[in-house]
Each structure stands twice: as C-alpha cells, then as structure tokens.
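Below is one structure; the comments refer to it alone.
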Amino acid sequence: MSHAIRIQQADFDVGAEWAELQRQLAGRAGAMASFCGVVRDQFDAQAIQDLELEHYPGMTERSIEAVLQRADARWTLDATLVIHRVGCLRPAEQIVLVMTAARHRQAALESCAFIIDSLKTEAVFWKRERSTSGERWIDSTSADHTRAARWRNERQ
Amino acid sequence: MSHAIRIQQADFDVGAEWAELQRQLAGRAGAMASFCGVVRDQFDAQAIQDLELEHYPGMTERSIEAVLQRADARWTLDATLVIHRVGCLRPAEQIVLVMTAARHRQAALESCAFIIDSLKTEAVFWKRERSTSGERWIDSTSADHTRAARWRNERQ
Amino acid sequence: MAVTVRFFAALRERVGRDTLTIEGVPPPSLHALRLCIGARLGADLVAALAAPEIRVALNHEFIHGDPAFSDGDEVAFMPPITGG
Amino acid sequence: MAVTVRFFAALRERVGRDTLTIEGVPPPSLHALRLCIGARLGADLVAALAAPEIRVALNHEFIHGDPAFSDGDEVAFMPPITGG
C-alpha cells in the first residue's frame, strides 16, 4: 500500500495526480475515488475574501499519516494520497485533495469519505476566514463531529 | 443543477473534466467528489484480456438520466457528470467516471457513491469479459444489489 | 405496418442477429410477439425470450405487465444489465 | 537546558508571538509550565492556556495527563484544529 502526504502552498493538478496514480497501479486497482475541497465564495450569506491556512510542520503530517493508517487497517487499499494546501487561498481555489484506489469500489469510496471526514476533526490545521463581516477562526462543526463519531461506531 | 451524460468509445481525461467543472462552478461548490472505474487485470486469479461493453443508444442515456434525477432529488447538488465508455477496453483502461459537486462534502460524497452503485444495477450496459479461462457475460453481483437496496431503504 | 425487435448481448449472440422487423398487424400481446419471433427464427426462442431474467423494453422504457404494440414500436429483449 | 513553547492560530495572536524558549530546569508539570509562560508573557495567559478547548502536544504528540518535560522538548499549545 502506498501512502503519500504533501503539505504545500502551491496549487495541485488533480489530473496529473490522477494519471500518476493510475500509471502506478496499472490495472491492479479497479476503483479510484477522490474528493477535493474548494474555498467557497460565501458563508452565511457573507462574501468570503480569503481563507488563511496555518499548520504545524511535522505534527500536521503525522496527524494525516495516523488517519491514513486507520483507513488502511479498515479497508483493503492499493493507494492513498492526501495533498493539503496552506497559506492564503481565495474563493474557488483548491484546498485539499484526497485520492484512494482499491480493487473494489466500496473500499475506495468509503475510505475516501472516511479520510476527509477524519481530516476535519483530526488534522492539525487552523483556518482563518476573512469575509465582508470580518475575520473568524473556523472550528470543526458539530456535524463534523457527528460524522467522525459515525465512523467510530459503525461496524463494517 | 447541471447534468451531463456522455457515452463514448474514446477515453476521457479526468483532469480536463475536473478543471472544466471547477471553472463552471467558480467557488459556488465547496466539495467535489469523483469515482473512476478501471478495467482490472485479474478476476478470480484469471488474467483478463479485455472487456467488451455494449449499450442501447437512447435507452442507456435515459437509464443514467433517471439515476441522476434521483440523486438530484435526494441531495442538494450543483453538478453531476457521468462519462461511460463502450467498446473493447483493455486492463488499466478507464471505464466510467462519475463526478459530483455540492456546497457540502456529505452531499458530494454520498451522491457520488449512490450514482456509481445505481449504475451497477440500473444502467443499460452489458459487459463481456475475455480472460485466460474464456469468455463470460458479467452480471451485477449480489453485493451490487445489496448496496442498491441499502440506498432505497436508508432514510436520510 | 411494422414492429422492430432488438436483441442484446448474450441474447443477440443466441439469436444470431441484433434486429428483426415484424411486418403486418402488430402482435396483440408480448406472448404473441414471442410466437412471431419463434416462427421466424426458431421455436426454442419463445421460451428463451420468456425467461425470468430477460427484461423487455418498449420504445426505450422497461415494460411492466403486457402492453399492446403499435405500428413503429421498437421492442428490446435484454439479458441482465450492469453498468459502471 | 531549554524547553521550546509554540503557540498557534488564535493563541499565537493573543500571545503576540509564535515561540517562547524557557531556559533552565524544565518545568516539572504542565501547570508549572503555564506559570512560567505567565510570568514571562502575562499572568492572564495561565488561565487562557488551561482552557478546556486548548490541546497540548509534546514533541508532535498530543498529551494525555501531565507529562514531565525534559531538556530539548517542544511543547505546543493549540486551539481547536480543523483540516480538510
């Protein structure tokens, strides 16, 4: 199983990541799932100006690696990839990419959802949103915690 | 909500489709999910030579449209896209792409899983697999029907 | 007047063709249509086309029950489908 | 001998800096560490750093309970995290 984690300021190219993963797998995996989070242009009817992402080098990678290891223990996966941007991002910019590959579609789809849900509550990042109504630090929501708890409680 | 359905022999470029959808959405949707099915190189320890996909022009598009409409009724979505190839495909070639975009990640992730699960049992295609042990027509599996039934029974 | 019949996948291979045109007054029932096909292409097809796993579509919609056919209809006999 | 303390996000803004070096014998407890920080940067920080939503990491691992600190340790005070 290949894990890849990249934290970067630069944007990422979903097509290039997708093609590279397919090239590596070469027919071994029948299913690839992915999720991409994008900076929205509005929140609570306020126009968003930008989103500032802060991280803790070293510990952030470790927190993501722990999530990928749990995914790997739970599903039979051929590859997982997480790319997470930091710095100042404007609306419509990509924030995060999760990609999973597996022999079977259920493993690819569920692990992809599990990873992004887990990043919301466990990955070491902080986000400051600047909008027309001012600045605020974003916390994970109660919905995020409900989804994270669902994964913990669900027996496969 | 934009629906797009394409049935084609030619391969598709996931990166180009992804970029085009993001360009159209321009920050309106915060979440994009996708699934890609790939021809596997093995089935039951037999090496697969190729997969021949047959469809019923007109009715096939209609069967996919019905799936997208059900997704649209169930989740708040900004866009859905299905590209499905037909003809003779070799191992590691892409078969199908499902892409969904929504304001919230749960809607994007769940609708993407719903669409690919529904295509397995409801889209009008036939698949003939040629392997080292001969030819066979593939039927949807009992696992496919279990997953399809789960979506019908699940209340949101 | 004519009804067009289409066969797909394993059924197309068994029948040996993908299309059959039934000229004249359209058959009054699905069973009558199957008998027409059997008369043209082989009597063993009547049972094969009535097998429980074979689904029938009329003008691109799956049928439930027994429709009447009309001039210009397209009827498709389909073995189990699977996409994705 | 020294322990490095790091502050992130809203806490970094409140403290007004991202790093503080505590020289000398490492504090024997988390509370002692918070008192050291308060003595250097303002007494009101002691309560702010003990708030229930603030998580503490020692050398890149969240701590549970009250660890002893050693020379060279890096301690981070972290407001609620969220990625993705």
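Chain identifiers are assigned alphabetically (A, B, ...) following the order of the sequence lines, protein sequences preceding nucleic acid strands; residue numbering begins at 1 within each chain.
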Under 4.5 Å heavy-atom distance to chain A, tell me which part of [X] shows up: side chain, backbone, both or neither.
| X | value |
| --- | --- |
| B:D13 | neither |
| B:Q94 | side chain |
| B:R103 | both |
| B:I116 | both |
| B:A16 | neither |

Just verifying a value: how many Å separate A:L109 CG and B:L109 CG, rounded to the nearest 0.5 Å? 9.0 Å
Quick one: CE on B:M32 to CG on A:L97, what's the gap to the nearest 0.5 Å? 10.0 Å
Greatest number of heavy atom pairs closer than 4.5 Å to chain A - which of [options]:
| options | value |
| --- | --- |
| B:L25, B:I48, B:V96, B:V38 | B:V38 |
| B:Q42, B:Q106, B:H104 | B:Q106 |
| B:S34, B:A33, B:A143, B:A108 | B:S34 |

How about A:E17 and B:V14: do any of their side-chain heavy atoms sit closer than 4.5 Å? no
Taking the side chain as every heavy atom from C-beta outward, state whether A:Q22 and B:C36 have any pair of such atoms under 4.5 Å apart.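 In contact.
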Locate the shortest heavy-atom distance separating A:D41 from B:A26; write the atom from each residue and the value.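 Closest approach of A:D41 to B:A26, heavy atoms only: OD2-O, 3.9 Å.
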Please report the closest heavy-atom contact between A:R40 and B:A29, naming both atoms and the distance.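 So the two residues come closest at CG-C, 4.1 Å.
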Specify which of A:M99, A:R90, A:R28, A:R23 makes the most heavy-atom pairs with chain B at under 4.5 Å. A:R28
Which one wins on heavy-atom pair count under 4.5 Å against chain B: A:A19, A:G15, A:P91, A:A31? A:A31
Taking NZ, NE, NH1 and NH2 as the nitrogens, is one of them in B:D144 or A:R105 under 4.0 Å from a carboxylate oxygen of the other?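 Counted as a salt bridge, because a side-chain N and a carboxylate O are separated by less than 4.0 Å.
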